[in-house]
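Below you'll find the structure, written out as structure tokens, and then a few comments.
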Amino acid sequence: MTAMRILQFHSNYIVFKPIKKEIKLAEESDEKEKRIEDVVVLFIAIEKEDNKTLVNSAIKELNIFLKNIKLNRILIYPFAHLSTNLSIPKDALKLLKYMEKKAKNSQIETYRAPFGWTKQFTISIKGHPLAEQSRSYFQTEKIELKKEEIVSKAIQAEEKMKSFWHVLEPDGTLKSVKEFKFKGHKNLDLFSKYESTKLRAFCEMPPHVTLMRRLEIADYEEGSDPGNIRWYPKGRLIKSLLEQFVTNKMIEYGAMEVETPIMYDFKHPSLSDYLNRFPARQYLLNSEDKELFLRFAACFGQFLIIHDTQFSYKQMPLKLYELTRYSFRREKSGEVCGLRRLRAFTMPDCHAFCTELNQAKKEFEKRFKLSIEILNEIGLTKEDYEIALRFTEDFFEENKDLIKKLAKIYDKPILVELWKERFFYFILKWDANFIDNQKKAAALSTDQIDVENAKRYKITYVDKNGEKKYPLILHFSPSGAIERVVYALLEKAFKSQQAGKSPMLPLWLSPTQVRLIPISESYVLKVNELTKEIAKHNIRVDIDDRASTLQKKIREAEKEWVPYIIVVGPKEIESGILSVRDRENNRKVEKMKLSQLIDKIQTKIKNKPFQLLPLPQNLSKRPQFYG
RNA sequence: GCCUCGAUAGCUCAGCCUGGUAGAGCGGCUGCCUCGUAAGCAGCAGGCCGCGGGAUCAAAGCCCGCUCGAGGCUCCA
């Protein structure tokens, strides 16, 4: 069979130097050392049967390859040692020159090492999978046949997976994305484009990263793996409050909180099957004779519990809940970003085991409402996120009632991803997506109806007739990863700042809720009494007792996003009327009694968890974690 | 994981192209000021110029590799 052999390397650089002419026909050369950076080097031996047609198809393939690796530079390097069937030098040189011309004609930056010389070379080859290739170019008919086979298989797989994008209106009508008018739904438009066309915007450091550091919430930890975050006291407080809040909500909903291990035996029979389908993103660790992996969700722990649990239709839907601190996913290094996408994250995860589809649908709807409520109480309203619903054509035809209900509950257009056939383990899924300042979407809450894993984990319940049956499993995260909620709150605050408002966190999450600023040092002692009085009412209050000016202290409190700032001097001490600077109300100073302030705050943070200030009450006693 | 860019004082950054003594502002410390709603004044301390290698008489600077970060690609069970 005729074939042209090319050994192809994507190299960081190649240095070569012609040493000695080998044949009469050798080209002229200056015999100087040449260096070419970031180049695809093609080592070629021209064989007897090689011809222009083969060169043409080689260049064609090469073009595709270059596009793939986003490079446009090649070096044609005659290398006789590749073959024992070399053509005569005259023909070989002719063909090499033809190849050079063809490459140049198709806009490739082309270099060629001289023909007919012994050359010395050093090459540094890149590490990616496509960097080293040996290619053979066959006669044309052969190539086409091969391609056709590949293409038809790819099309089959793609058809199955292909997504059709629609928008579901609150009244339940389904329109294709092309038909839908996005006017007035800017974020949905962005989201649909993000999902379907993968269009990305350009920005510098994500705003929330700058903020999480400046506000001493969280920071990167270089001493760990990328995507593992350090949390400073203020950040730990915020995160802890969110964790408590979501957990309380889930217990109220009727879920039973459990705690399960973070690492599992790689060889466990129920787990290995599932794992081997997705080996790419796991953290693996070896411990003595065991191979373990870190969980990437709470599924394993809860499934293993429920596998050993006796339950019947009478106890269903049965709900288990766990706040995983942490779940681990070894996301690709280029995807890890700030608090948006981590490798170690805190995930509230609740599984509901349902008897059959009707029960699952009912539960699904209940949780959909619950999620919207939870996000809202956290401080993320329907305006802050967009919902996507994903299902198969069949499911939609048979369950329009549920889809319509969901549309009505959300009361805002929903992006729909429709598949011809089921490809994943679920038949229905929704997710809430936050659109950030870089116009990137990040999923928060999500729920799905899983029809595969009960069988895989041998989870059964006993039905009315005493028979063992596989339940449907709902996978629910009421808020999404807690880190991601913090990210969304910070990005939201930045958005409001861009809109000319004072950025802030919700009052119940603000590390300092009230800051007292004594008018001068001589008032510190008296103001301290006031601080204690306010702290008694479960309000996080602190006092700026540092030796600095009043104006500067106010500026710093504003930069810290403190919701209420109170300057205290002789007037306040005598009258008992406080001048309260209210951040939410455009930083206007309002006069009120201490009891009024306490009432106001307590009303606003009613039903939210409380935790004490995690820092010294006196600012003079606080270290500076950042800046 | 790939491509491109970046890393200099606790923070934000200049210097790098064209190699030859390490710079500013903020912050910190000390002193003065004792202040009425977003930056008072002065002085001092603070640097393995991300890490490792190379070429050079000489490297923050040039070359190679690595780590971490950003954008893009890809991916997101």
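Quick note on labels: first sequence line is chain A, next is B, and so on, each numbered from 1.
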Interface polar pairs with nucleotides 33-36 of chain B, N/O, under 3.5 angstrom:
residue: B:rU34; atom: O2; partner: A:E521; partner atom: N; Å: 3.2
residue: B:rU34; atom: N3; partner: A:E521; partner atom: OE2; Å: 2.7
residue: B:rU34; atom: O4; partner: A:E521; partner atom: OE2; Å: 2.8
residue: B:rC35; atom: N4; partner: A:S548; partner atom: O; Å: 3.4
residue: B:rG36; atom: O6; partner: A:P570; partner atom: N; Å: 3.3
residue: B:rG36; atom: N1; partner: A:E572; partner atom: OE1; Å: 3.1
residue: B:rG36; atom: N2; partner: A:E572; partner atom: OE1; Å: 3.2
residue: B:rG36; atom: N2; partner: A:E572; partner atom: OE2; Å: 2.3

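The distance between atom NZ of A:K332 and atom P of B:rA77, rounded to the nearest whole Å, is 12 Å. A straight line from CD of A:E331 to P of B:rA77 spans 9 Å, rounded to a whole angstrom. If you take CZ of A:R214 and P of B:rG27, they are 14 Å apart, rounded to a whole angstrom. In this structure, CZ of A:F625 is placed 15 Å from C1' of B:rG28, rounded to the nearest angstrom. Between the P atom of B:rC73 and the CD atom of A:Q438 lies a distance of 12 Å, rounded to the nearest Å. The interatomic distance linking A:R515 (CZ) with B:rU37 (P) rounds to 18 Å, in whole Å. What separates CZ of A:R583 from C1' of B:rU37 is a distance of 14 Å, to the nearest Å. B:rC11 atom C1' lies 8 Å from atom CD of A:Q624, rounded to whole Å.
Across B:rG71, B:rG69, B:rA38, the shortest atom-to-atom separation from the side chain of A:K440 is found for B:rG71. For A:R555, the listed nucleotide lying nearest its side chain is B:rA38; candidates were B:rG71, B:rA38, B:rA70. Residue A:R281 has its side chain nearest to B:rA77 when only B:rC68, B:rA77, B:rU74 are considered. Looking at the side chain of A:M205, the nearest of the listed nucleotides B:rG69, B:rA38, B:rG40 is B:rG69. Looking at the side chain of A:F424, the nearest of the listed nucleotides B:rA70, B:rA77, B:rG28 is B:rA77.
The main-chain N or O of A:G223 is found under 3.5 Å from a side-chain atom of A:E221 such that the two form a donor-acceptor pair. Checked by atom type and distance alone, the side chain of A:E322 never pairs as donor or acceptor with a backbone atom of A:A298 at under 3.5 Å. A donor-acceptor pair under 3.5 Å links the side-chain atoms of A:D450 to the main chain of A:N453, judged by distance alone.
Counting any heavy atom pair closer than 4.0 Å across all strands shown, A:V209 reaches no nucleic acid atom. Within 4.0 Å (heavy atoms only), A:R213 reaches no atom of the nucleic acid at all. Here A:G223 lies out of heavy-atom contact (under 4.0 Å) with every strand.
The gap from the P atom of B:rA38 to that of B:rC73 amounts to 44 Å, rounded to the nearest Å. Using C1' as the reference atom, B:rA59 and B:rC64 are 15 Å apart when rounded to the nearest Å. If you take atom C1' in B:rG54 and the same atom in B:rC11, they sit 34 Å apart, rounded to whole Å. Taking atom P in both B:rG6 and B:rU18, one finds a spacing of 15 Å when rounded to whole Å. A distance of about 16 Å separates the P atoms of B:rG28 and B:rU12, rounded to the whole Å. Comparing the C1' positions of B:rG15 and B:rA22 gives an interatomic distance of 9 Å, to the nearest angstrom. When the P atom is compared between B:rC29 and B:rG72, the two are found 40 Å apart, to the nearest whole Å. Atom C1' of B:rG10 sits at a distance of 35 Å from the matching atom of B:rU56, rounded to the whole Å.
Using a 4.0 Å cut-off between a side-chain N of Lys or Arg and a carboxylate O of Asp or Glu, A:D384 and A:K495 do not qualify as a salt bridge.
Using bins of under 30°, 30° to 60° and over 60° for the plane-to-plane angle, the ring pair A:F303/A:Y457 lands in the perpendicular bin.
Cation-pi geometry between A:K420 and A:F395 is not satisfied (NZ or CZ under 6.0 Å from the ring centre, within 45° of the ring normal). Cation-pi geometry between A:K429 and A:F424 is not met: the NZ or CZ atom fails to fall both under 6.0 Å from the ring centre and inside 45° of the normal.
Side-chain N/O atoms of A:Y220 include one lying less than 4.0 angstrom from OP1 or OP2 on B:rA70.
For B:rC17, there is no paired base (Watson-Crick or G-U wobble, both distances below 3.5 Å). Across the strands present, B:rC26 finds its partner in B:rG10; the criterion is a Watson-Crick or G-U wobble pair with both atom distances under 3.5 angstrom. In this structure B:rU37 sits in no base pair that meets the Watson-Crick or G-U test at under 3.5 Å. Using the Watson-Crick or G-U wobble rule with both distances under 3.5 Å, B:rA45 pairs with nothing in any strand shown. Remark: B:rC2 base-pairs with B:rG72. Criterion, Watson-Crick or G-U wobble with two distances under 3.5 Å. The pairing partner recorded for B:rC62 is B:rG54, the criterion being a Watson-Crick or G-U wobble arrangement whose two distances lie under 3.5 angstrom.
Between A:I566 and A:P226, the one whose closest nucleotide on RNA chain B sits nearer the 5' end is A:I566. Comparing A:S224 and A:F328 by the nucleotide of RNA chain B that holds the closest heavy atom to each, the one mapping nearer the 5' end is A:S224.
For the side-chain contact (heavy atoms from CB on, under 4.5 Å) criterion with A:R295, the lone passing option out of A:Y264, A:Y283, A:Y326 is A:Y264.
Side-chain rings of A:F296 and A:F328 stay apart, their centers remaining 6.0 Å or farther from each other.
Residue ring and base: A:F296 counts as stacked with B:rA77 (centre distance below 5.5 Å, interplanar angle below 30°).
Scanning atom types as modelled, one donor and one acceptor separated by under 3.5 angstrom connect the side chain of A:R341 and the base of B:rC76.
The CD1 atom of A:I543 lies 12.5 Å from the NZ atom of A:K621; values are rounded to the nearest 0.5 Å.
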